[in-house]
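Beneath this line is the structure, given in structure tokens, with notes to follow.
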Amino acid sequence: MTRTVPEAVGNAGDGVHPTRADLRSALADLRAHGEISTISREVHWNRELGTVSRVALQHNAGGLVFENITGYPRPEARCGRVATNLLASHRRMAILLGLDPDTPYPQLVQHVLEFNGKRLSPVVVGTGPVKDHVVTGRDVDLTELPVPHWHHLDGGRYINTFGAVVTRDPDDGVMNVGVYRGMIVGRDKIAMLMVPSQHWGRHWAKWTERGEPMPIACVYGWHPIMDILAGSPIPPGVCEYDVMGAYLGAPVPLVRCETVDLEVPASAEIVVEGHISPDPETYEWEGPFGEFTGYVSDVPKKRPAMAVSCLTYRDDPIFRGTLEGSLPGSSGENCYLSSVQRAGIAWETLERAGVPGIKQVYVHPVTNGTTIVVQIRKVHEGHAKMVAAALWSSNAALYRYKYVIVVDEDVDPGDYSAIDWAIAYRVQPGSDDIVMFPGSFGSPLDPSTPLADREVSRLGSGLWNRTLIDATRTFRYEPQEAWGGKNFPPTVVPAEEDLDLVLGRWDEYGID
Ligand SMILES: Cc1cc2nc3c(=O)[nH]c(=O)nc-3n(C[C@H](O)[C@H](O)[C@H](O)COP(=O)(O)O)c2cc1C
């Protein structure tokens, strides 16, 4: 099939043209900043590729494009390239968000906080590069794609690591785009981890109630803004394509799928289409998988499986995937995107709840947002509890915000030594500075969650006991003359006039 220039059949609106952004434009941007390594030496898809990705993360190397994969020679193979590690640094995230590469973390958080709330509808075009090749029926064989067996303990080849999963709400017709893991279990089958409280899980419940299979499309490779938003809890009922358009400043050009009533980016690299049946007889074994927690902690189960009816792809496509699993010293793509998005989304949640005095929100990449630090200008006792209550009541807390640490303005939330100091001297164990919130919905993938509390098919979600650490200075003490009339002791920070004097004379002291 020959490529045709996308032609708009929808209305992009007053002279607004669809974006030309795609995975290839993103790779070109990263390459221009020296942030891409192209690996032309032969690399095996079976464990070697995943291990190279892990070591590259340990060495803070850039994004990787593998273009010589054992068994998938170019140009004969359907696909001979894999792109990964693209989002695994704040610098690369900044570049892909169209910002200065050195944009400081708090500004990245402000950026997503602003743009997550904006919308620009996509436009449906007649065709696009993703229709260069269309394979249907018995010709579909997913093993013809160079899907890595990422980690030696994975149960199989995980095709959905950074695949964007598109489903439609059968009631209001709104599409959802989310990232949910899936493993190849046959030439045309993908078994998937279905968590009912995720947005596609809500769609799934509605399709199941109707007794109909759920149409689904998985997109492997488009502009990473898709990965960033599909992997983030954009509110239910909002289609992530609308938010992607707002980020990119132009409507996302979509094409209709061949065999399901769904739309996918016209310049996506690879798309698979199909259905998931509600019949448990069709479920397939899935797992285990090296998860974002850094553990291979779940036990294999029979889970819903996508029956693939069609594969479409660009000429010489690039498969997009990611090595999951945060470890100290080698945080991956999910970690960095969560570090920014989970902080931005938390900030928005706090603002919507009317929590006053939010100064900064920080998520260390290695925690993926399981731990979040909120810096406040404290206005009343109990302020930190307001922060935790707001975060824990939000849908975005499903896999995140198990630990909420609240600090004062003088404690840098991005500095773990500062947080440690605040916990050491502003927190009294046994008092209400540490509050547990047991039996909350939570992550079924956390190795510290007992297996009985991870039964998502029965419980609808995993269960977590959440904890607030209020590391702010208490307002409960009486003011003391010895403390300068304040109600909390002063620190040993030098007096300003002493510091001015000393710094003014510094060169005279002869200290190197
Ligand atoms: C790389 C990556 C892999 C993920 N894998 C899963 C997964 O297997 N299952 C899941 O429920 N969520 C997974 N997530 C988190 C979801 O994508 C995230 O919760 C998102 O908000 C889901 O979209 P939704 O809010 O529209 O349901 C993953 C996120 C990323 C970035």
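For the numbers below, each heavy atom of this structure counts, side chains included, while hydrogens, waters and symmetry mates do not. Atoms within a ligand are numbered from 1 in the order they appear, just like the ligands themselves.
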- [ ] Given side chain to side chain donor-acceptor pair (under 3.5 Å), test K402 with S448 step by step and report yes or no.
- [x] CA-CA 12 Å; K402 177 179 164 191; S448 72; 3.2 Å; yes

Open item on the list: At under 4.0 Å between heavy atoms, is it the side chain or the backbone of D227 that contacts ligand 1, or both, or neither?
Closed with: neither

- [ ] Could you tell me which atoms of ligand 1, counted from 1 in the order shown, lie closer than 4.0 angstrom to a heavy atom of T322?
- [x] 1 (C)

Task: Closest protein heavy atom (residue, atom, distance) for atom 28 (C) of ligand 1 - done: V179 O, 3.6 Å

- [ ] Would you check the N or O atoms of S232, main chain and side chain alike, for any that come under 3.5 Å of an N or O of ligand 1?
- [x] yes

Open item on the list: Ignoring hydrogens and geometry beyond distance, is a side-chain donor-acceptor pair present between Y220 and N160 at under 3.5 Å?
Closed with: yes

Task: Short N-O contact, D298 and R181, less than 4.0 angstrom - done: yes

Task: Heteroatom proximity flag, Q198 to ligand 1, N/O under 3.5 Å - done: yes

Open item on the list: Which of the numbered atoms in ligand 1 are under 4.0 angstrom from any heavy atom belonging to L337?
Closed with: 31 (C)

Task: ligand 1-proximal atoms of M194, by part, heavy-atom distance under 4.0 Å - done: neither

Open item on the list: Which of the numbered atoms in ligand 1 are under 4.0 angstrom from any heavy atom belonging to E240?
Closed with: 26 (O)

Task: Any N or O of N176 closer than 3.5 Å to N or O of ligand 1 - done: yes

Open item on the list: Only heavy atoms of T161, strictly under 4.0 Å: list the atoms of ligand 1 that pass.
Closed with: 1 (C), 2 (C), 3 (C)

- [ ] List the closest protein heavy-atom neighbour of atom 30 (C) of ligand 1: residue, atom name, distance to the nearest 0.1 Å.
- [x] N334 ND2, 3.3 Å

Open item on the list: Is any side-chain heavy atom of L97 closer than 4.5 Å to one of I225?
Closed with: yes

- [ ] Decide whether the shortest distance between a heavy atom of A230 and an atom of ligand 1 is less than 4.0 Å.
- [x] yes

Task: N or O contact, L193 vs ligand 1, cut-off under 3.5 Å - done: no

TODO: Determine, for E286 against K189, whether the closest basic-nitrogen to carboxylate-oxygen distance falls under 4.0 angstrom.
DONE: no

Open item on the list: List the residues meeting ring pair (Phe, Tyr, Trp, His ring centres under 6.0 Å) with Y283, not counting sequence neighbours, and say none if there are none.
Closed with: none

TODO: For atom 2 (C) of ligand 1, find the nearest protein heavy atom and state the residue, atom name and distance (0.1 Å precision).
DONE: E324 OE2, 3.2 Å

Open item on the list: I need the atoms of ligand 1 closer than 4.0 Å to a non-hydrogen atom of R181, numbered in the order shown.
Closed with: 7 (C), 8 (O)

Open item on the list: Would V195 count as a polar contact of ligand 1, with the cut-off being nitrogen or oxygen pairs under 3.5 Å?
Closed with: no

Task: Atoms of ligand 1, numbered as shown, that sit under 4.0 Å from any heavy atom of G178 - done: 23 (O)

- [ ] For atom CZ of F441, decide whether the heavy atoms of other residues, nucleotides or ligands shown that lie under 6.0 angstrom number more than 12.
- [x] yes

- [ ] Answer yes or no: does an N/O atom from Y399 fall short of 3.5 Å to an N/O atom of ligand 1?
- [x] yes

Task: W222 vs S267, side-chain contact (heavy atoms from CB on, under 4.5 Å): CA-CA, chis, key distance, verdict - done: CA-CA 7 Å; W222 192 63; S267 54; 2.9 Å; yes

Task: Ion pair check, E269 and R24, cut-off under 4.0 Å - done: yes

Task: Flag side-chain contact, heavy atom, 4.5 Å: W207 against H275 - done: no

- [ ] Give the numbers and elements of all ligand 1 atoms closer than 4.0 Å to a heavy atom of R342.
- [x] 18 (C), 19 (O)

Task: M192 heavy atom under 4.0 Å from ligand 1 - done: no

- [ ] Not counting sequence neighbours, which residues clear side chain to side chain donor-acceptor pair (under 3.5 Å) with Y313? List them please.
- [x] R78

Open item on the list: Closer than 4.0 Å to some heavy atom of P233 - which atoms of ligand 1 meet that?
Closed with: 21 (O), 25 (O)

Task: Short N-O contact, E333 and R92, less than 4.0 angstrom - done: no

Task: Protein heavy atom at shortest distance from atom 23 (O) of ligand 1 - done: Y180 OH, 3.3 Å

Open item on the list: Salt bridge check, R91 against E35: does any charged N sit closer than 4.0 Å to a carboxylate O?
Closed with: yes

